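Heads up, the thing below is written out as structure tokens.
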There are 2 protein chains.
Amino acid sequence: MKFRVEKNLKSEDLLNFIDEALKKRAFLILNACCRVEYKGRAVSRLGLGERTVIIKSDGSFLIHQNVNLEPVNWQPPKTKFKVELDNDKVIITGSRQKPKEKLEVKIYTAYVSSYHIGTDTKSLELAGYEQDMVDLVYKNPEIIENGFRATSTEYSTSNGFIDILGKDKNGNLMILEFKSRRAGVNAVKQLKRYIDNFLDHKKQVRGLLVAPSVTDEALELLEKYELEFKELEPPRELEKDKSLTLDFFSRNE
Amino acid sequence: MKFRVEKNLKSEDLLNFIDEALKKRAFLILNACCRVEYKGRAVSRLGLGERTVIIKSDGSFLIHQNVNLEPVNWQPPKTKFKVELDNDKVIITGSRQKPKEKLEVKIYTAYVSSYHIGTDTKSLELAGYEQDMVDLVYKNPEIIENGFRATSTEYSTSNGFIDILGKDKNGNLMILEFKSRRAGVNAVKQLKRYIDNFLDHKKQVRGLLVAPSVTDEALELLEKYELEFKELEPPRELEKDKSLTLDFFSRNE
DNA sequence: CATTAGATTTCGGCA
DNA sequence: TGCCGAAGTCTAATG
């Protein structure tokens with residue numbers, strides 16, 4: 001993860017810092033004394049106080065006070081930002097069309113300014129469990145194919161973590177990407193990015209998408225990239241969930 | 001504002017850092033590679049990835065990915081925390097009773113760790129709510145139509161509370177239902193339920209949906225039920241602007 | 001303390 | 001793109 005952290009930036013430096021973060025589409029966090037104004041779906045004003053300002057890489061804009069789960073002011077993804085200096089104070093303006101709205105933060109003092117660029121390819125699994133499939137295959141590699149051996153899990157690359165890295169019976173490197181539900185083109189693209197990390201590998205590298213099913217588009221892309229698909233249902237977790245839940249509840253009593 | 005920032009803390013130091021922040025009831029922010037598990041109202045799992053973990057002074061617990069306004073996992077205020085070392089990895093567990101739930105973050109690498117203790121006494125001033133519309137009409141009934149008089153607000157029925165009950169210039173009972181945004185079919189259905197409470201009324205009962213706009217489906221339903229629509233924008237002024245008294249109090253920040 | 005309605009709801013799915 | 005419905009909704013107000 002790349003990051004930069006600065007303390008007590010002066011206005012001009014803060015302006016440049018924020019500009020840099022926005023340009024890099026980083027995840028920006030400011031601890032600052034500020035005023036906030038919002039106009040759009042409603043109108044609101046927040047007087048001087050110390051808050052945490054966050055701008056995400058997708059243009060989400062959040063201002064958090066010290067209390068409450070919800071941000072006191074915010075703007076959804078795809079917000080467009082403008083940063084400027086006004087009377088030696090940095091003003092961040094987030095604008096959106098449809099609905100037309102604007103969120104303005106006037107920064108009086110910035111205590112901690114930081115941004116980072118992180119990789120996070122995993123999405124939340126509420127029902128199906130990718131991890132269970134990975135565990136299952138890691139413990140029972142023969143499920144994939146005869147002679148397959150899993151060598152490592154969560155292998156780190158610049159494009160994220162490879163679920164399982166292994167070798168087939170001929171010693172060829174195998175990269176396995178798991179999906180607990182019907183896999184789409186995104187899953188194939190992800191797998192392709194992992195493969196690209198091993199382009200200079202001596203031996204052949206096989207990419208394998210493991211999922212209960214794939215969309216037609218994904219299948220086409222797999223063929224184009226010369227990647228493979230292995231059908232595998234996620235293990236039925238009902239029993240396990242029940243025991244885990246019971247365990248959790250009984251533990252705290 | 002008091003704060004402390006550390007980069008690339010080792011597990012043991014991270015553990016102490018978090019402990020310190022919790023003890024001081026500070027606002028804690030971690031940029032870390034982690035796994036997340038939640039059990040309670042639902043069950044969820046989030047594989048390895050780089051995220052931003054936040055613990056507020058009131059015990060709010062948020063885990064943000066690089067995208068989306070909403071946290072991917074969270075726990076409301078008053079969450080109780082436990083921090084421990086497991087296999088050289090820091091695990092933060094946030095627990096709550098009622099509902100019984102638990103959020104667990106396993107930290108593999110902490111890039112930036114920071115906490116701060118800030119002062120923020122101001123609360124949000126907000127305008128543009130449904131209530132503002134109701135207040136406006138109650139004080140200025142002529143907005144609705146010539147001769148309209150508002151007789152009561154929050155009139156209780158078996159189907160809920162009627163926003164405004166009044167009479168038109170001919171003495172017909174009028175039921176007003178307010179929406180601060182574009183009204184849909186649900187708003188019309190609700191108005192219809194209120195009307196049904198007065199089916200045995202001697203005089204004619206007029207149902208009026210008051211909103212900035214309506215969907216086409218809602219308009220159709222209004223016609224079907226023989227109800228009316230009155231276009232009205234919610235007032236977009238803060239109390240501060242309207243009231244001299246409030247202005248006086250808020251002047252000394 | 002339980003219930004309820006409103007929200008700058010957000011978010012995903014589907015037409 | 002727009003509308004509908006769900007959400008671990010959250011939050012403030014009210015009985």
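What you see is a predicted model; the values in this text were computed from it and never measured. All values below come from the heavy atoms of this structure, side chains included, with hydrogens, waters and symmetry mates left out. Below, read A as the first sequence line, B as the second, and so on, with proteins coming before strands; counting in each chain starts at 1.
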| query | Which of residues 90-108 of chain A sit near DNA chain D, with a heavy atom under 4.0 Å from it? | reply | A/K98
| request: Could you check which residues of residues 58-83 of chain B get a heavy atom under 4.0 Å from DNA chain D? Sort them by number, please. | output: B/N73, B/W74, B/Q75, B/P76, B/P77
Whole Å only: how far is the [atom1] atom of [X] from the [atom2] atom of [N]?
| X | N | atom1 | atom2 | result |
| --- | --- | --- | --- | --- |
| B/L221 | D/dC3 | CG | P | 16 Å |
| B/Y129 | C/dT9 | OH | P | 9 Å |
| B/E130 | C/dT8 | CD | C1' | 14 Å |
| B/R41 | D/dA7 | CZ | C1' | 9 Å |
| B/D163 | C/dT4 | CG | C1' | 14 Å |
| B/L126 | D/dA12 | CG | P | 12 Å |
| B/R182 | C/dT9 | CZ | C1' | 18 Å |
| B/E217 | D/dG5 | CD | C1' | 14 Å |

| Out of C/dT8, C/dG6, D/dC3, which nucleotide sits closest to the side chain of B/K179? | C/dG6
| field | B/R181 side chain, from C-beta outward: closest of D/dG8, C/dT9, D/dG5 | value | C/dT9
| task | Verify the stacking flag for B/Y38 against D/dG8: centroid separation must be under 5.5 angstrom and the ring planes must differ by under 30 degrees. | result | yes
Would you name the heavy atoms of [X] and [Y] that are closest together and state the gap between them?
| X | Y | value |
| --- | --- | --- |
| B/G94 | B/T79 | CA-CG2, 3.4 Å |
| A/P76 | A/R96 | CD-NE, 3.4 Å |
| B/R45 | B/E37 | CG-CG, 3.6 Å |
| B/L173 | B/K167 | CA-CG, 4.5 Å |
| B/F148 | B/G166 | CE1-CA, 3.9 Å |

| request: Nearest-nucleotide wise, let me know which of B/G184 and A/L124 is further upstream toward the 5' end of DNA chain D. | output: B/G184
Closer than 4.0 angstrom, basic N to acidic O: yes or no for [X] and [Y]?
| X | Y | value |
| --- | --- | --- |
| A/E84 | A/K82 | yes |
| B/E177 | B/K179 | yes |
| A/D163 | A/K122 | yes |

| query | C1' atom, D/dA7 versus C/dA7: distance in rounded Å? | reply | 13 Å
| field | D/dT11 to C/dC11 separation - P atoms, rounded to the nearest Å | value | 16 Å
| note | Checking B/F27, B/F81, B/Y38, B/W74 against B/F61 for ring pair (Phe, Tyr, Trp, His ring centres under 6.0 Å), the one that qualifies is B/F81
| said: Contact between B/S95 and B/E101 at the side-chain level, heavy atoms closer than 4.5 Å - yes or no? | reply: no
| query | Is the phosphate of C/dA7, meaning OP1 or OP2, less than 4.0 Å from a side-chain N or O of B/S180? | reply | yes
